[in-house]
2 protein chains.
Amino acid sequence: MQHNQPVETLVETMLESCMGSRVGRLHRLVDRQFDQHLRPLGLSVPQMEVLSALTLIGRPVKPSFLADVLSMERSTMSRNLSIMQERGWVEPGDVSATGRSMSVVISREGVLKLESAETAWREAQEAVVAALGTDAPSTLDDWLNKLVADR
Amino acid sequence: MQHNQPVETLVETMLESCMGSRVGRLHRLVDRQFDQHLRPLGLSVPQMEVLSALTLIGRPVKPSFLADVLSMERSTMSRNLSIMQERGWVEPGDVSATGRSMSVVISREGVLKLESAETAWREAQEAVVAALGTDAPSTLDDWLNKLVADR
DNA sequence: CTGGTTATGTTGCATATGCACCTTTTTATG
DNA sequence: CATAAAAAGGTGCATATGCAACATAACCAG
């Protein structure tokens, strides 16, 4: 094995600049904040994402569309929706020619669940924004747009 | 239930600014990039984080210390290390008075595994930095420092 | 040295995530 | 309309993650 540089240098480069590591740590730290606030309500961050998106869209949507909007894999969305449907937060949307439904909508209970999380969400949000600075949300938006652009 | 604002506004506020949602999406998108490059080598991002950190530290460390450095829960680190020890990438460090070891070090095989990932890591890293801009790593560092500060 | 306190490691439970496959549904084409 | 192609949904497998609760080890005071 020929290495032009010792292992230390490679490792330093990795730890000093690795985006995978940084984003992972950021996710662990921020997600914990929200989770600690939302968990008592029996709500997770991805579940809140789905309920918010469904409310905002306001019509039956295909899970694959939702997955695309939230940058999730179809398989992940499939499982997340299963749990939420069991709890009655979402329900099948309009049916197609074959009689089956390929879309979901938020239910009345889903709306109530989302509303019940308002205070908890606000507390977590304020804590994180206070720590990172008010520019953080727009910076993240910028990054997300760029990532989705070259896909 | 008295709401001063309609649900739409609450939801819009959530989706428009929610840090939990943004960080989650960022994690999904970036992690996928690295995962697609590292997976063929049988290496995950958190595993690479542990190997890098162990190499950089260069001495036996307690799992709880490692967990703290990488902003992981002790329980998560415990499980991640189990997998890595099964594969021989890490091994018990020096033993204490009771005969058991409460520390781990990277093994020779762990070093080799980390080295084998160099090219794959570089490709993922370059793709992500190219998309987000060269400022992204330092911005993330800034955020991570702030989050760890008020803990 | 012993007993209590604290740090640390581990396990049960639940959710999230992605890929590789496979199945089903939809859509396009002849 | 029938059939091929494409899109969508869902499962198996593996890892990651956190909290709560418990077990064990280290440490400190008396």
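Naming: A, B, ... by sequence-line order, numbering from 1 per chain. Please read all numbers here as calculations on a predicted model, not as lab measurements. These numbers come from the heavy atoms of this one structure, side chains and all, not from hydrogens, waters or symmetry mates.
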With a 4.0 Å limit, can you tell me whether [X] has a side-chain N or O closer than that to the phosphate oxygens OP1/OP2 of [N]?
| X | N | result |
| --- | --- | --- |
| B/T76 | D/dG18 | yes |
| A/S78 | D/dG10 | yes |
| A/N80 | C/dT17 | yes |

Should the pair [X]-[Y] be classified as a salt bridge under the 4.0 Å nitrogen-to-oxygen rule?
| X | Y | answer |
| --- | --- | --- |
| B/E109 | B/K113 | no |
| A/E49 | B/R25 | no |
| A/E126 | A/R122 | no |

Applying a 4.0 Å non-hydrogen cut-off, can you work out what [X] is touching in the nucleic acid: base, sugar-phosphate, or nothing?
| X | answer |
| --- | --- |
| A/R74 | base |
| A/M77 | nothing |
| A/S44 | sugar-phosphate |
| A/S64 | sugar-phosphate |

May I have the distance from [X] (atom [atom1]) to [N] (atom [atom2]), rounded to whole angstrom?
| X | N | atom1 | atom2 | value |
| --- | --- | --- | --- | --- |
| A/H27 | D/dT17 | NE2 | P | 9 Å |
| B/Q47 | D/dT15 | CD | P | 7 Å |
| B/E49 | D/dT17 | CD | C1' | 12 Å |
| B/L70 | D/dG18 | CG | C1' | 16 Å |
| A/Q33 | D/dT17 | CD | C1' | 16 Å |
| B/K62 | C/dT10 | NZ | C1' | 16 Å |
| B/L29 | C/dG18 | CG | C1' | 13 Å |
| A/I83 | C/dA14 | CD1 | P | 11 Å |

From the options [options], select the nucleotide whose nearest atom is closest to the side chain of [X].
| X | options | answer |
| --- | --- | --- |
| B/R32 | D/dA16, C/dG18, C/dT26 | C/dG18 |
| A/R87 | C/dG18, C/dA14, D/dA16 | C/dA14 |
| B/S75 | C/dT17, C/dT10, C/dT15 | C/dT10 |
| A/E73 | C/dT26, C/dT8, C/dG18 | C/dG18 |

Tightest non-hydrogen contact, residues A/L26 and B/L144, listed as N-CD2, 3.6 Å
Nearest heavy-atom contact between B/Q33 and B/A124 is O-CB, 4.1 Å
Judged by nearest nucleotide, the residue sitting upstream toward the 5' end of DNA chain D, A/Q36 or A/R79, is A/R79
